[in-house]
> 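Quick one: the structure is below, and I'll ask about it shortly.
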There are 2 protein chains.
Amino acid sequence: MGTPLPRDPIADAQRNWERHGWGDVAAPMAAITAIMRTQQILLARIETVLKPFGLTFARYELLALLSFARSGALPMNKASALLQVHPTSVTNAVDRLEKAALVARSPHPTDGRTTLIELTAEGRTLAKKATAALNAEVFGKSGFGPDDVDHLIRVLGTFRRDAGDFED
Amino acid sequence: MGTPLPRDPIADAQRNWERHGWGDVAAPMAAITAIMRTQQILLARIETVLKPFGLTFARYELLALLSFARSGALPMNKASALLQVHPTSVTNAVDRLEKAALVARSPHPTDGRTTLIELTAEGRTLAKKATAALNAEVFGKSGFGPDDVDHLIRVLGTFRRDAGDFED
DNA sequence: TCCAAACCCTTGGATGTCCTAGTATATTGC
DNA sequence: GCAATATACTAGGACATCCAAGGGTTTGGA
């Protein structure tokens with residue numbers, strides 16, 4: 001994965017699409033492919049920064065979410081909904097975070113079906129440190145200009161709403 | 001993962017970042033998180049369309065790449081470079097595509113280290129059908145306006161170049 | 001009241017991605 | 001020409017994601 005390619009493979013794909021008579025969808029194809037690749041790059045950067053903390057992005061997201069919850073605790077299904085991932089992914093993340101003593105499971109006081117996830121003191125501390133690292137080394141150096149950031153937030157926000165992520 | 005949330009969780013995160021004094025990186029954080037989520041939505045749509053063909057996105061990408069190669073064959077390392085994934089991911093995809101008789105491995109004529117991946121007739125046919133389906137059901141209904149598509153291609157293209165994907 | 005339907009979490013299985021070797025083949029440099 | 005280095009692919013392992021299913025708990029309508 002090392003050396004840069006001489007030419008943009010996505011631009012090449014777009015040209016191939018046009019050459020085959022699919023010019024009407026070549027540009028959206030390129031945009032979507034670019035989003036996929038950009039996500040891959042960003043995820044790699046994030047994971048690199050989190051590795052020293054013994055965290056992955058999935059686990060960090062859960063820690064961060066809990067750290068913003070007033071009580072420091074959330075039901076599993078709530079976390080699943082807010083993180084927009086399958087419940088089994090939350091189970092997986094909690095298993096590992098619990099082994100690392102960063103979160104703890106506790107029964108819901110009134111609903112026997114529900115399990116609460118609670119941040120431990122170490123979990124809260126680690127979340128703070130990891131967030132500071134991400135802010136400094138990823139979000140603070142995104143490479144996107146302020147106007148591009150605003151545009152991305154707006155365009156992708158509309159896309160996500162249309163996709164049924166939220167109603168607001 | 002079903003019901004839409006009442007409010008945009010990424011906008012909430014952005015507000016949390018600002019409230020904690022990280023306003024300088026709150027917007028890039030939101031943009032990056034939105035890219036991650038958008039990729040997840042798009043990937044799910046793509047996989048849904050490809051499922052009837054017995055393909056995943058990773059396998060489809062490889063088929064599509066081969067279908068655009070003049071000779072219909074590419075060395076594994078070339079495919080790895082163009083798809084921007086780890087060589088082991090290509091090995092994995094080729095293993096499964098080969099089992100499905102959509103591609104075949106063959107030795108490189110002059111370099112004993114290299115393995116060529118070649119499309120079979122069925123592979124070429126399936127690639128065509130899958131591409132038509134994706135064009136109709138995903139790329140043709142991306143939900144992005146033409147101006148947004150152009151903007152995404154440009155902004156993410158710059159990002160990818162700066163990240164070292166290509167030099168062009 | 002009570003049983004069926006709905007809901008919550010977990011387990012097990014399939015995929016994909018990456019990393020770290022390990023094996024085989026080419027290239028390079030002395 | 002031969003040893004050292006580089007390159008190509010693969011095997012094994014760690015993680016994450018999703019789906020399908022199963023077992024326990026609640027809720028709601030007959």
Side-chain angles (χ1 to χ4, degrees), chain A residues 1-3 36-37 39-48 50-51 53-63 74-100 103-117, chain B residues 1-3 36-37 39-48 50-51 53-63 74-100 103-117:
Chain A
M1 255 149 352
T3 332
M36 309 294 281
R37 174 56 185 157
Q39 186 268 353
Q40 193 181 18
I41 294 168
L42 288 169
L43 181 59
R45 287 188 189 173
I46 290 171
E47 298 276 17
T48 299
L50 291 178
K51 195 171 197 85
F53 299 99
L55 291 175
T56 63
F57 187 46
R59 296 177 214 169
Y60 166 76
E61 278 195 298
L62 186 51
L63 281 190
L74 279 179
M76 307 262 307
N77 64 334
K78 196 88 178 175
S80 170
L82 291 171
L83 296 176
Q84 321 248 209
V85 295
H86 201 278
T88 53
S89 297
V90 176
T91 295
N92 186 326
V94 171
D95 282 350
R96 297 170 193 280
L97 288 170
E98 197 171 33
K99 252 178 210 133
V103 306
R105 280 180 168 92
S106 65
H108 189 287
T110 65
D111 189 332
R113 297 169 298 183
T114 300
T115 300
L116 293 176
I117 329 164
Chain B
M1 259 135 359
T3 332
M36 310 294 280
R37 173 57 186 156
Q39 186 267 353
Q40 193 180 15
I41 293 167
L42 289 170
L43 181 59
R45 287 188 189 174
I46 291 170
E47 299 275 18
T48 298
L50 291 177
K51 196 171 197 86
F53 299 98
L55 291 175
T56 62
F57 187 47
R59 296 178 213 169
Y60 166 76
E61 278 196 298
L62 186 50
L63 280 191
L74 279 178
M76 308 259 312
N77 64 335
K78 197 89 177 175
S80 169
L82 291 171
L83 297 176
Q84 321 246 209
V85 296
H86 200 276
T88 54
S89 296
V90 176
T91 295
N92 186 327
V94 171
D95 283 349
R96 298 171 192 279
L97 288 171
E98 198 172 33
K99 251 177 213 135
V103 306
R105 281 181 168 91
S106 64
H108 189 286
T110 64
D111 189 333
R113 298 169 298 182
T114 299
T115 300
L116 294 176
I117 328 165

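By convention in this document, chain letters (A, B, ...) are assigned in the order of the sequence lines, proteins followed by strands, and residues within each chain are numbered from 1.
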> C/dT17 P sits how many Å from A/I46 CD1, rounded?
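One finds 18 Å between P of C/dT17 and CD1 of A/I46, rounded.
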> State, yes or no, whether a side-chain contact exists between B/L62 and B/V103 at a heavy-atom distance under 4.5 Å.
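SC-SC contact between B/L62 and B/V103 ruled out.
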> Under the side-chain contact (heavy atoms from CB on, under 4.5 Å) rule, collect the residues that match up with A/E61, sequence neighbours excluded.
A/F57, A/L83
> Listed by chain and number, what are the side-chain hydrogen bond (donor to acceptor under 3.5 Å, both in side chains) partners of A/N77, not counting sequence neighbours?
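Scan of A/N77 (side-chain hydrogen bond (donor to acceptor under 3.5 Å, both in side chains), adjacent residues dropped) gives none.
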> Only counting residues at least two apart or in another chain, list the ones meeting salt bridge (Lys or Arg N to Asp or Glu O under 4.0 Å) with A/R105.
A/D95, A/E98
> In this structure, how many angstroms lie between the C1' atom of D/dT17 and the NZ atom of B/K51, rounded?
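Going from NZ in B/K51 over to C1' in D/dT17 covers 12 Å.
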> Nearest-Å distance, OH (B/Y60) to P (C/dG16)?
16 Å
> Report the residues that fulfil side-chain hydrogen bond (donor to acceptor under 3.5 Å, both in side chains) with A/S106, sequence neighbours left out, ordered by chain and then residue number.
none
> To the nearest Å, how far apart are A/L50 CG and D/dA16 P?
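In whole Å, D/dA16 P and A/L50 CG are 11 Å from each other.
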> Can you tell me the distance, in whole Å, between the CE atom of B/M76 and the C1' atom of D/dT7?
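Going from B/M76 (CE) to D/dT7 (C1'), I get 14 Å.
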> Counting just side-chain N and O atoms, does B/Q40 come under 4.0 Å of either OP1 or OP2 of D/dA16?
no
> Between C1' on D/dG12 and CG on B/N92, what's the gap in Å once rounded to a whole number?
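One finds 13 Å between C1' of D/dG12 and CG of B/N92, rounded.
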> Classify B/T56 by what it touches in the nucleic acid, base, sugar-phosphate, or nothing, heavy-atom distance under 4.0 Å.
sugar-phosphate
> Determine yes or no for a side-chain-to-main-chain donor-acceptor pair under 3.5 angstrom, with B/Q40 supplying the side chain and A/Q84 the backbone.
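Yes, the answer is positive, given that a donor and an acceptor are paired below the 3.5 Å cut-off.
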> Nearest to the side chain of B/R96, which nucleotide is it out of D/dC18, C/dT15, C/dC9?
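Taking heavy atoms from C-beta onward, the closest nucleotide is C/dT15.
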> With a 4.0 Å cutoff (strictly under), does any side-chain N or O of B/R59 reach OP1 or OP2 of C/dA14?
no
> Please compare B/T115 and A/S89 by the position of their nearest nucleotide in DNA chain D and report the one closer to 5'.
B/T115
> Identify whether any heavy atom of B/N77 sits under 4.0 Å from a base atom; if not, whether one sits that close to sugar-phosphate; answer base, sugar-phosphate or nothing.
sugar-phosphate
> Distance check needed: C/dG16 P versus B/Q39 CD, whole Å only.
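About 14 Å, once rounded to whole Å.
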> Under 3.5 Å, which N/O atoms of the protein pair with N/O atoms of nucleotides 21-25 of chain C?
residue, atom, partner, partner atom, Å
C/dT25, O3', B/G112, N, 3.4

> Just how far, in rounded Å, is C1' of C/dT17 from CG of A/L42?
16 Å
> Nearest 0.5 angstrom please: A/M36 CE to B/I46 CD1, how far?
4.5 Å
> Going by salt bridge (Lys or Arg N to Asp or Glu O under 4.0 Å), name the pairs with one or both residues in residues 79-91 of chain B, residues two or more places apart or in two chains.
none
> Nearest to the B/T114 side chain among C/dC18, C/dG16, D/dA8, which nucleotide is it?
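The answer is D/dA8.
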> Would you mind reading off the bend of the helix from C/dT1-D/dA30 to C/dC30-D/dG1 from its two end axes, five pairs each, to 10 degrees?
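For the helix from C/dT1-D/dA30 to C/dC30-D/dG1, the axes at either end differ by 10°.
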> Between A/R105 and C/dT10, is there a side-chain N or O to OP1/OP2 distance below 4.0 Å?
yes
> I'd like to know if the side chain of A/S80 and the backbone of A/M76 have a donor-acceptor N/O pair within less than 3.5 Å.
no
> Could you work out, with side-chain hydrogen bond (donor to acceptor under 3.5 Å, both in side chains) as the rule, every residue matching A/R45, not counting sequence neighbours?
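A/R45: no side-chain hydrogen bond (donor to acceptor under 3.5 Å, both in side chains) contacts found.
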